[in-house]
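Here the structure is a predicted model, which is why all the values come from computation and not from measurement. The first residue of the sequence shown is numbered 1, and numbering continues consecutively from there.
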Amino acid sequence: MGSDSDWSKINAVAKALDEFGVQYEVNVMSAHRTPAAVKEYTETAISRGLRVIICAAGGAAHLAGVVAAHTTLPVIGIPVPTDLAGGLDSLLSVVQMPGDIAVATVAANSGGARNAGILAVQILALSDPALQKKLEEFRASLPKKIAEKNAALQAKIKSGG
């Protein structure tokens with residue numbers, strides 16, 4: 001992430017990865033303030049066993065693009081909400097990648113960080129049958145989860161709440 005203040009806004013990515021038992025690293029690096037560290041981290045990612053990189057940044061939000069420029073690994077960008085424009089500024093920065101340097105971008109709202117984790121799991125599951133099975137079980141559980149939420153809402157409405 002570009003700043004330690006981003007963690008409270010994006011820690012749902014770690015929770016999603018934890019749910020699937022996927023190991024990860026968390027670091028603070030800035031595309032603008034620590035470009036050499038970002039370059040070194042990214043260029044050594046494959047040799048350290050990383051298979052997907054998730055970058056979170058707000059405002060100018062160049063971290064994902066800079067990382068993607070230094071690796072062939074899939075890069076997922078999380079546009080971090082900001083006070084200035086609620087994350088729209090971050091979103092526009094992350095999605096405006098030039099041709100040939102791909103960054104997958106998730107939502108700029110509260111679901112974005114979780115979706116970044118889920119997307120990373122989907123990418124990793126392509127070559128990991130056990131992870132693919134966990135992902136299939138997760139997806140199969142979603143209708144029940146929503147049905148339970150609907151039942152709870154209906155009960156609340158009936159009771160006048």
Side-chain angles (χ1 to χ4, degrees), residues 1-31 41 45 48-68 71 73-97 102-161:
M1 70 197 90
S3 172
D4 62 337
S5 63
D6 295 339
W7 183 244
S8 63
K9 298 173 186 174
I10 60 104
N11 63 21
V13 69
K15 292 175 185 172
L17 295 171
D18 287 340
E19 284 179 37
F20 289 92
V22 173
Q23 295 181 340
Y24 54 90
E25 301 174 353
V26 178
N27 294 285
V28 175
M29 293 181 200
S30 168
Y41 179 84
R48 292 193 328 274
L50 274 65
R51 306 214 14 240
V52 178
I53 299 177
I54 301 172
C55 298
H62 295 140
L63 185 59
V66 170
V67 166
T71 187
L73 290 173
V75 176
I76 302 169
I78 303 172
V80 175
T82 61
D83 292 336
L84 175 66
L88 180 59
D89 50 340
S90 308
L91 176 65
L92 292 174
S93 182
V94 177
V95 299
Q96 293 187 74
M97 290 300 300
V103 170
T105 308
V106 294
N109 60 24
S110 60
R114 178 162 177 80
N115 282 348
I118 299 296
L119 180 56
V121 169
Q122 289 174 308
I123 292 167
L124 296 170
L126 291 171
S127 61
D128 183 334
L131 191 56
Q132 181 65 36
K133 182 168 176 39
K134 287 181 184 179
L135 187 58
E136 290 168 1
E137 290 168 356
F138 165 75
R139 293 292 293 268
S141 75
L142 293 179
K144 181 181 178 191
K145 176 180 171 183
I146 297 304
E148 289 171 353
K149 288 184 178 202
N150 182 50
L153 176 62
Q154 298 306 317
K156 183 177 180 180
I157 291 170
K158 284 182 184 178
S159 69

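In this structure a side-chain-to-backbone donor-acceptor pair under 3.5 Å is present from Ser159 to Lys156. Using a distance-only test at 3.5 Å, with no hydrogens or angles considered, no donor-acceptor pair links the side chain of Lys9 to the main chain of Val80. Here the side chain of Ser90 pairs a donor or acceptor atom with the backbone of Gly59 at under 3.5 angstrom.
A distance of 12.0 Å separates CG of Leu142 from NZ of Lys144, quoted to the nearest 0.5 Å.
Looking at Asn150 and Gln154, their side chains do bring a donor and an acceptor atom within 3.5 Å of each other.
Under the salt bridge (Lys or Arg N to Asp or Glu O under 4.0 Å) criterion, Lys149 pairs with no residue, sequence neighbours left out. Legend: residues meeting salt bridge (Lys or Arg N to Asp or Glu O under 4.0 Å) with Lys15, ordered by chain and number and at least two apart, are absent.
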Pair up each side-chain donor or acceptor in residues 119-126 with any protein partner under 3.5 Å, not counting sequence neighbours, and list the distances.
none

For this session: Please step through side-chain contact (heavy atoms from CB on, under 4.5 Å) for the pair Ile118 and Phe20, ending with a clear verdict.
Result: CA-CA 9 Å; Ile118 299 296; Phe20 289 92; 3.7 Å; yes
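Closest approach of Pro79 and Val106 over heavy atoms only: CD-O, 3.3 Å.
When each of Ile53, Val52, Asp18 is paired with Tyr24, the side-chain contact (heavy atoms from CB on, under 4.5 Å) condition holds for Asp18 and for no other.
Annotation for Glu137: atom CD counts as buried by contact number, over 12 foreign heavy atoms lying within 6.0 Å.
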